[in-house]
Amino acid sequence: MSDTYEPRTVETAAQDFWKRTHAFEVREDASKPKFYCLSMLPYPSGALHMGHVRNYTIGDVISRFQRMQGRNVLQPMGWDAFGLPAENAAIKHNTAPAKWTRSNIEHMRGQFARMGFAYDWSREFATCDPDYYVHEQRMFVRLFEKGLAYRKNSVVNWDPVDQTVLANEQVIDGRGWRTGALVEKREIPQWFLKITDYAQELLDGLDTLPGWPDAVKTMQRNWIGRSEGLEIRFDVADSDVSLTVFTTRPDTLMGATYVAVAAEHPLAMQAAKDNAKLAEFIETCRQGGTSEAELETQEKRGMDTGLEVVHPLTGETLPIWVANFVLMGYGTGAVMAVPGHDERDHEFAQQYGLPIKMVVVDAGVVDALRELQHDLAAGVGADPLRNALRGTHTDAYDANTAVRVVESFEHRVLNEAAFTEYGTLVNSGDFDGLDFQGAFDAIAAKLEADGRGARKVNWRLRDWGVSRQRYWGCPIPIVYCPTCDAVPVPEDQLPVVLPEDVAFTGVKSPIKADPEWRKTTCPKCGGPAERETDTFDTFMESSWYYARYTSPGAATQVDGRADYWLPVDQYIGGIEHAILHLLYFRFYHKLLRDAGLVTSDEPATRLLCQGMVVADTFYREQDDGSRHWFNPAEVAVQRDEKGHVTGAVLAADGRPVRIGGTEKMSKSKNNGVDPQVMIDKYGADTVRLFSMFAAPPEQSLEWNEAGVEGMARFLRRFWREVATHVAQPDHPEVDPAALDGAQKDLRRQLHETIRKVGDDYGRRQSFNTAIAALMELLNHVGKFGDMSDQGRAVRHEVLQTMVLLLNPITPHTSHALWQLLGHAETLIEDQPWPAVDEDALKRDAVTLAVQVNGKLRGTVEVAVDAPREDIERLAQDLPGVQAFTEGKTVRKVIVVPGKIVNIVVG
RNA sequence: GCCGAAGUGGCGGAACUGGUAGACGCGACGGACUCAAAAUCCGUUUCUGGAAACAGAGUGGGGGUUCGAUUCCCCCCUUCGGCACCA
């Protein structure tokens with residue numbers, strides 16, 4: 001073993017040992033507590049990137065730490081192999097998606113091993129393996145039979161030039177990314193899973209997950225969006241049809257001045273039949289993409305249909321408008337508009353000159369009304385606003401003030417902005433004077449009695465559309481028969497295998513282009529039929545992979561082994577998955593449970609969402625105004641003597657480049673740092689150490705090579721310290737009773753560090769502070785020059801313990817140093833975690849901060865058990881304190897034991 | 001537009017339950033070693049004033065609660081993540 005740190009040698013040796021001994025392959029073992037640590041499975045894009053390094057290092061640190069805590073740790077890895085990038089690569093490089101994907105997996109598996117991740121590779125799979133997706137197809141058939149999978153029309157982004165469906169990310173500023181054509185909305189039949197049947201359970205389940213970040217739970221709650229309201233039927237005037245709207249604000253019903261329907265709403269279509277202008281408008285509503293962000297930010301446009309509805313309370317007629325912000329797919333495709341009390345309706349009404357009514361006022365207005373109308377003591381009268389404004393008053397001054405309050409409020413609502421808060425009803429006939437809940441109940445009761453309305457719980461959450469018009473995905477196991485309609489493929493005919501040896505040159509799916517592949521016979525009637533050529537959303541595969549890892553080789557989706565391992569004890573992945581993936585993941589777990597395959601209600605008990613990896617960006621403006629981005633590796637940053645950044649130049653030509661800020665590593669900004677280069681240069685442990693040290697896990701991490709060098713320096717110093725120590729003569733055991741002051745101090749710091757590191761790895765998941773504590777300890781042991789017997793003994797205890805404490809983060813280095821310290825080659829994860837010696841933590845004296853009026857004026861060293869009076873006296877006697885208390889009265893002295901003394905003077 | 005985060009020295013960050021703001025690392029500066037460089041080691045490093053002692057200011061901005069606020073409350077600004085077909 002060398003005296004200097006050689007990462008490559010050390011890492012190869014440790015990795016060989018782990019591989020040779022199958023160190024991380026695990027089985028169910030009832031004698032040990034289990035720990036299932038799972039990192040989100042990667043898309044095999046071709047090369048390890050820094051986001052992977054970070055995600056998987058966090059998972060590996062937790063896994064190794066938990067194993068050192070005596071748990072039976074499962075940490076698996078696999079590949080989210082279906083998806084759009086393989087199709088794009090196929091077009092670009094003229095290679096089949098399957099071949100491209102599988103060769104990427106080969107390469108990345110090697111990179112993962114080079115990082116030293118402690119995976120049980122015996123459980124590996126790729127989601128594009130028919131052995132994997134056959135179970136997904138079976139589950140879908142089961143859901144179809146249960147009525148949880150169904151088909152309906154829904155809208156997609158349509159590129160009219162390529163004649164293809166586009167993903168939202170392929171729509172840029174309303175145009176197709178490849179063709180530049182204006183994207184249109186098009187309705188096509190698609191398959192859906194009834195996640196809304198589970199909406200309440202998905203909402204309630206969040207309360208059973210204390211180990212999930214509050215931000216994620218809040219986002220999921222808002223996404224599910226439970227709201228209680230009223231469904232109200234409006235009859236269309238001079239006709240026998242009606243339309244239904246849902247509102248959470250029935251208290252504002254008297255302020256409804258129009259209703260708005262989606263462009264695809266049957267009433268709109270009907271009105272457009274003999275109205276060419278309206279038909280044209282509806283046509284323009286088809287333009288643009290389908291994403292919510294785009295719909296919500298587009299200019300709000302509408303047109304009168306000429307049709308009218310009857311207000312269910314007043315009998316007045318209200319116009320029906322078509323509006324581009326109302327969508328057929330969401331809710332009923334129609335909304336009642338209350339411009340006085342809804343921002344969007346207000347904006348729309350002002351734009352088109354539609355009437356605005358004020359029917360809710362705030363407490364200040366109510367007070368003013370009371371003043372104006374003495375007979376309102378028992379509540380607000382029939383038309384209090386109008387009555388009040390023309391009423392007679394005895395006190396002219398008060399009346400004027402009150403009138404001004406009412407008028408200015410009304411002016412604001414009618415002309416400036418909607419009043420959207422809850423308040424008291426006015427201008428609402430019988431409902432005047434009621435508050436939100438009173439008005440809700442009264443109006444609901446009235447409409448229910450009239451058969452025009454019903455209370456309803458509405459969900460923002462929509463059913464999960466799982467159809468994709470793409471080739472590289474799991475085929476949907478359905479056959480279309482002219483007589484039997486949609487028929488699921490029988491179990492014994494599954495899997496429906498996706499052909500992999502295909503030419504993928506254009507935009508069209510090869511299985512859609514191939515007339516032979518789809519030909520089949522109907523499983524029901526035996527007649528000629530056609531297969532579904534859509535494939536599943538790739539979220540389908542990533543929604544249940546965690547369960548499959550527990551049951552490798554099982555003939556069913558999972559088997560009894562799942563009961564041992566599930567739920568996942570620690571799940572780790574990017575915050576960008578906070579809603580979609582994590583909601584589908586929870587939903588699918590409930591589907592597995594209801595199919596009798598798992599017994600828990602939630603798939604994962606603890607969740608860690610790590611931040612992004614970011615880096616500086618550099619560019620030069622091109623002649624055409626576009627930007628050419630340079631990789632940080634090609635650029636030299638210039639600084640002044642104080643360290644301020646003054647500029648940057650391209651290393652190749654020495655000419656300046658512009659600094660574009662710190663952004664998420666991406667191809668488009670060319671600011672990605674290749675982990676492979678870093679591993680080759682510094683070793684995996686240094687890369688792991690930096691990615692855990694540079695930022696807390698949930699924050700974004702800025703890659704900075706100088707920082708990486710600092711980590712390499714730390715590991716070299718640690719190595720040297722151990723090597724120097726083992727060259728010393730043998731030492732006796734530590735005898736706590738025989739230690740002098742400095743030896744005691746070092747030993748106390750060691751045990752404080754053991755306590756902190758364990759807490760930071762386990763409870764806090766604050767790895768950066770754990771590393772900082774270990775660095776501090778190394779700084780101290782480096783200055784500890786005591787070569788006596790007990791000095792060497794304490795140093796040995798410190799260094800050997802540090803090897804164990806660092807092992808989760810830098811396992812290769814620890815593996816080597818453990819041997820350097822005289823142990824046989826072994827798996828450090830099987831060593832017990834160091835125990836804190838409570839006696840070593842004891843102190844005799846503590847330092848208290850002394851403040852005068854909250855400002856620090858000195859410190860005082862006192863015995864741990866010093867009485868309060870002594871502390872107060874010592875603090876007040878400090879010269880630095882007296883300078884500020886002299887000539888003033890001490891009003892109060894606050895003593896927080898072990899922390900602070902605050903002397904309040906005045 | 002809606003939902004969720006974040007903002008602290010030149011930089012990344014620490015301060016865990018309201019109690020000494022800036023731990024740890026990077027960078028910068030000074031020094032030692034060296035023929036020299038690299039590496040390594042030692043020291044300084046929030047800002048302003050001051051030779052120093054020391055004083056004042058300071059955690060995105062504005063207000064509030066408290067003996068005491070990076071931490072709690074209200075308003076605002078900026079940046080980032082998600083918005084259902086990127087994964």
Side-chain angles (χ1 to χ4, degrees), chain A residues 40 42-43 45 80 83-85 156-157 165-171 213-216 218-219 221-223 225 290-298 325 343-344 461-465 467-470 537-539 542 574-581 583-584 609 611-612 614 639-645 661-664 690 693-696 698-702 704-711 713-714 716-717 720 759-760 763-764 766 768-769 771-776 779 782 847-851 853-856 858-859 880 883 891-894 896 898-904:
Chain A
M40 287 182 188
Y43 180 80
S45 55
D80 189 18
L84 207 48
V156 293
N157 301 307
V165 175
L166 297 178
N168 281 337
E169 76 156 6
Q170 298 173 318
V171 179
D214 287 333
V216 172
T218 305
M219 281 192 268
R221 260 184 215 111
N222 292 335
W223 184 262
T290 60
S291 78
E292 187 179 281
E294 191 178 336
L295 296 170
E296 289 283 332
T297 50
Q298 73 185 347
F325 57 84
E343 246 354 291
R344 192 172 59 182
L461 180 68
R462 309 196 301 262
D463 277 338
W464 177 10
S467 294
R468 296 293 180 270
Q469 295 68 43
R470 314 199 181 284
D537 176 7
T538 56
F539 275 128
S542 59
I575 185 69
E576 66 272 21
H577 296 292
I579 297 177
L580 291 180
H581 163 67
L583 197 63
Y584 296 143
C609 288
M612 303 168 305
V614 299
R639 293 169 193 279
D640 64 16
E641 67 280 1
K642 280 191 143 184
H644 294 91
V645 172
T662 306
E663 298 196 44
K664 176 177 174 167
F690 179 76
F693 177 71
E698 65 280 2
Q699 276 177 42
S700 60
L701 182 150
E702 195 170 324
N704 167 277
E705 195 165 337
V708 180
E709 279 167 13
M711 297 305 107
R713 205 145 46 217
F714 168 74
R716 279 198 299 270
R717 278 175 58 207
R720 199 172 52 232
D759 191 44
D760 280 355
R763 178 184 63 92
R764 292 219 301 155
S766 167
N768 53 326
T769 52
I771 295 166
L774 289 162
M775 286 174 166
E776 251 182 303
N779 289 342
T847 307
L848 300 186
V850 181
Q851 300 180 335
N853 285 348
K855 278 191 195 253
L856 184 70
T859 58
R891 303 207 180 275
K892 209 198 251 180
V893 179
I894 290 151
V896 181
K899 295 248 164 91
I900 205 166
V901 180
N902 191 11
I903 301 160
V904 185

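Quantities reported herein were computed from a predicted structural model and do not represent experimental measurements.
- A:Trp464 meets the ring pair (Phe, Tyr, Trp, His ring centres under 6.0 Å) test with A:Tyr584; sequence neighbours excluded.
- Taking A:Glu292 as the reference, A:Arg460 meet the salt bridge (charged side-chain N to carboxylate O under 4.0 Å, His left out) condition, with sequence neighbours excluded.
- The side-chain hydrogen bond (donor to acceptor under 3.5 Å, both in side chains) check on A:Asp759 picks up A:Arg763, with sequence neighbours excluded.
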### Protein proximity profile, nucleotides 77-87 of chain B - base contact B, sugar-phosphate-only contact S, no contact -, cut-off 4.0 Å on heavy atoms
---SBSBBBBB
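- As judged by a 4.0 angstrom heavy-atom cut-off over every strand, A:Asp760 is placed among residues making no nucleic acid contact.
- In this structure A:Phe690 satisfies the ring pair (Phe, Tyr, Trp, His ring centres under 6.0 Å) test together with A:Trp703, sequence neighbours excluded.
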Using nucleotides 65-67 of chain B, report all nitrogen or oxygen pairs with the protein that are shorter than 3.5 Å.
| from | atom 1 | to | atom 2 | distance (Å) |
| --- | --- | --- | --- | --- |
| B:C67 | O2' | A:Asn902 | ND2 | 3.3 |
| B:C67 | O2 | A:Asn902 | ND2 | 2.5 |

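- Candidate nucleotides B:A21, B:C41, B:G13 were compared by shortest atom distance to the side chain of A:Arg720, and B:C41 ranks first.
- Taking the side-chain hydrogen bond (donor to acceptor under 3.5 Å, both in side chains) definition, one finds that A:Asn779 meets it with A:Arg717, sequence neighbours left out.
- Contact annotation for A:Arg344: no contact, since no heavy-atom pair falls under 4.0 Å across all strands.
- Within the 4.0 angstrom heavy-atom criterion, no nucleotide atom of any strand lies near A:Met40.
- In this view, A:Asn902 satisfies the side-chain hydrogen bond (donor to acceptor under 3.5 Å, both in side chains) rule with no residue, not counting sequence neighbours.
- Shown here are the salt bridge (charged side-chain N to carboxylate O under 4.0 Å, His left out) partners of A:Arg221, two or more places apart in sequence or in another chain: A:Asp207.
- Counting only Watson-Crick and G-U wobble pairs whose two distances sit under 3.5 Å, RNA chain B takes part in these stems of three or more pairs: B:1-7 with B:77-83, B:10-12 with B:24-26, B:27-32 with B:40-45, B:46-49 with B:54-57, B:60-64 with B:72-76.
- Legend: residues meeting side-chain contact (heavy atoms from CB on, under 4.5 Å) with A:Pro696, ordered by chain and number and at least two apart, are A:Glu698, A:Gln699, A:Asn768.
- A close approach under 4.0 Å does not occur between any side-chain nitrogen or oxygen of A:Asn768 and OP1 or OP2 of B:G12.
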Taking only nitrogen or oxygen atoms into account, show me every contact under 3.5 Å that the protein makes with nucleotides 56-60 of chain B, one pair per line with its distance.
| from | atom 1 | to | atom 2 | distance (Å) |
| --- | --- | --- | --- | --- |
| B:G56 | OP2 | A:Arg857 | NH1 | 3.1 |
| B:A57 | OP2 | A:Lys855 | NZ | 2.6 |

